[in-house]
Structure formats: structure tokens, C-alpha cells
Amino acid sequence: MRRRSGTYDRRPSLDARMDIDTANGPAPSGARAVFELHDRQGYSHDEIAQMLGIAPGTARAQLFRARRALTKLLDL
């Protein structure tokens with residue numbers, strides 16, 4: 001994050017966004033979509049469920065899978 005006038009700019013740099021995209025590549029496509037919508041664009045699980053035609057619990061499970069795949073790949 002870049003510091004901007006006493007506060008932190010929450011937008012990741014272009015390099016960081018590309019790294020996340022690359023790192024999240026092995027995750028299942030549904031999990032990647034939910035990760036993008038929830039963690040990167042800020043939609044709620046209910047909104048994601050409505051957009052993708054899935055249950056909110058499924059959205060939560062897919063987000064968990066995407067985060068787990070990303071964590072495993074980054075060795076965190």
C-alpha cells in the first residue's frame with residue numbers, strides 16, 4: 001500500500017494485483033470469481049450469491065477455497 005497524505009492508499013499497486021491474479025490461478029473458477037467479487041470488489045456474500053445464482057453458503061465456501069489456495073501457494 002502506498003502512503004498518501006497521512007493515510008494509506010488501500011488500492012494495491014499494479015504489480016501486487018498481477019501477483020494476486022497469478023497466485024490465485026490454480027483455484028477453481030467459481031472460487032476465483034467469488035474471491036474477486038468479495039475480497040477485491042467488496043460485494044457481500046448475499047450479493048455474490050444473487051449475481052452468480054448460488055446460495056450464500058456456497059459463496060462463503062468458495063471464498064474459503066480461494067483463500068486457502070492463495071495461502072498455500074504463497075506459503076503463508
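For the single chain, residues carry numbers from 1 onward in sequence order. What you see below is based on every heavy atom in this structure, not just the backbone, and it leaves out hydrogens, waters and symmetry mates. Owing to the predicted nature of the structure, the values given are computational and were not obtained by experimental measurement.
Put simply, the side chain of Lys72 does not reach to within 4.5 Å of the side chain of Arg67, judged on heavy atoms. Using a 4.5 Å heavy-atom threshold, the side chains of Val34 and Asp39 count as separate. Side chains of Gln62 and Ile48 form no contact here, defined as non-hydrogen atoms less than 4.5 Å apart.
The closest donor-acceptor contact from the side chain of Gln50 to the backbone of Glu47 lies at 3.5 Å or more, if one exists at all.
Between Ala55 and Ala49, the shortest heavy-atom contact is C-CB, 3.7 Å. Across all non-hydrogen atoms, the minimal contact from Phe35 to Leu63 is CA-CD1, 3.8 Å.
Taking OG1 of Thr58 as the start and CG of Leu52 as the end, the distance is 10.5 Å to the nearest 0.5 Å. With rounding to the nearest 0.5 angstrom, the CG atom of Asp46 is 10.5 Å from the CE atom of Met51. To the nearest 0.5 angstrom, His45 atom NE2 is 10.0 Å from Ile54 atom CD1.
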